[in-house]
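So the structure is just underneath, and the comments pick up after that.
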Amino acid sequence: MKKLMLLLGAVSVPTFAASGGDLNASDYVGVSFWLVTAALLAATAFFFLERSNVSGKWKTSLTVSGLVTGIALWHYLYMRGVWVETGTSPTVFRYIDWLLTVPLLIVEFYLILRAVTNVAASLFWKLFLGSIVMLVFGYLGEAGIMAAWPAFIIGCLAWFYMIYELWAGEGASAKNASGNAAVMSAYNTMMWIIIIGWAVYPLGYFFGYLGGGANEGTLNLIYNLADFINKILFGIVIWGAAVSDSHD
Ligand SMILES: *C/C=C(C)/C=C/C=C(C)/C=C/C1=C(C)CCCC1(C)C
């Protein structure tokens, strides 16, 4: 209970700082910022409270899920303010959020694999470095420091490299060598999240910058949906695996 009070206290502070203008009902992008903010708040409380409901080896995974949604909640409070007040993309807040939460998600993947199998730390570092290159070039393209197309292509190559490592690299050999059904299914879930779940982001970039002129509404709507899938739904999938593994 004390933990929950602290959590609620911590999230109520920035809402004052971040209260931008009013929310217009026809501003569907602003409404999507609002909805994802509320969902992130609920998800953060949920993941921390559910720690007591799972066995020891899963607790850290739920903590990391809660950190991811908690960090994103903090940024969404401000991102919504930027959008509602200026009608432009909160690019800097967005990328600071990604730079913090994407490495945490990779830690999360690593923890899940570690819970069921022995994976080399080098897989973690390869995914980590790939994700940093992907995000740095995404930012250079979105901030107009680099032309939109080349930045996008280099970002995609870094993402393809991560997929290649998971699909055919040392992680894949470790998985196949294990011959264990639980290992295979945890590994494959993570691989498909990075392939399908993460593909929503480059789609957002594509429709935002490369479909003829900048379209900031579409960009932010797609990014907000992507965050909902990859931060909240992904956390819920882990929670589901953790609960079923803890109660049988
Ligand atoms: C919680 C935030 C997450 C999981 C963010 C993930 C972001 C990406 C997978 C971004 C990918 C991009 C490319 C593959 C190409 C360049 C543009 C990016 C940065 C949007």
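Counting convention: from 1, in listed order, for ligands and their atoms alike.
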### Task
Tell me which one of Ala151, Cys156, Ala158 gets a heavy atom nearest to atom 15 (C) of ligand 1.
Cys156

### Other residues, nucleotides, ligands: >12 heavy atoms within 6.0 Å of Phe207 CZ
no

#### Entry: Interfacing atoms of ligand 1 (cut-off 4.0 Å, heavy-atom, Trp98)
2 (C)

### Query
Does a salt bridge link Arg94 with Asp227, judged by any charged N lying under 4.0 Å from a carboxylate O?
yes

### Message
Could you check whether any heavy atom of Tyr205 sits closer than 4.0 Å to an atom of ligand 1, since that is the contact criterion I want to use?
### Response
yes

### Query
Strictly under 6.0 Å, is that where the ring centroids of Phe137 and Tyr205 end up?
no

### Task
Please confirm whether the backbone N or O of Thr91 pairs with a side-chain atom of Ser89, one donor and one acceptor, at under 3.5 Å?
no

## Note on the structure
In terms of its nearest heavy atom to atom 9 (C) of ligand 1, the top option of Met162, Met134, Lys231, Arg94 is Met134

### Task
Return yes when Tyr95 approaches ligand 1 closer than 4.0 angstrom through a heavy atom, no otherwise.
yes

### Task
State the atoms of ligand 1, each with its element, that fall below the 4.0 Å cut-off from a heavy-atom position in Thr101.
1 (C), 2 (C)

### Task
Note the single closest protein heavy atom to atom 3 (C) of ligand 1, along with its residue, its atom name and the distance in Å.
Tyr201 OH, 3.2 Å

### Query
Between Asp227 and ligand 1, which part of the residue brings a heavy atom under 4.0 Å of the ligand: side chain, backbone, both or neither?
side chain

### Message
When you compare the side chain of Ile229 with that of Phe234, does any pair of heavy atoms fall below 4.5 Å?
### Response
no

### Query
Given the rule in the side chain to side chain donor-acceptor pair (under 3.5 Å) test, do Trp83 and Asp27 qualify, once you have shown the distances and angles that lead to the verdict?
CA-CA 10 Å; Trp83 177 264; Asp27 174 7; 3.0 Å; yes

### Task
Determine yes or no for a side-chain-to-main-chain donor-acceptor pair under 3.5 angstrom, with Ser244 supplying the side chain and Ala241 the backbone.
yes

### Summary
Val102 heavy atoms within 4.0 Å reach ligand 1 at atoms 2 (C), 3 (C), 4 (C), 5 (C), 6 (C)

#### Entry: Per-residue contact class, Trp198 against ligand 1 - non-hydrogen pairs under 4.0 Å
both

### Message
Among Phe228, Tyr223, Phe152, which one puts a heavy atom closest to atom 20 (C) of ligand 1?
### Response
Tyr223

### Message
At under 4.0 Å between heavy atoms, is it the side chain or the backbone of Leu105 that contacts ligand 1, or both, or neither?
### Response
side chain

### Task
Pick whichever of Gly155, Ala226, Gly197 has a heavy atom sitting closest to atom 16 (C) of ligand 1.
Gly155

### Task
State whether the side chain of Lys59 and the backbone N or O of Arg51 hold a donor-acceptor pair below 3.5 Å, judged by distance alone.
yes

### Query
Given side chains that start at C-beta, do those of Tyr201 and Met134 come closer than 4.5 Å, heavy atoms only?
no

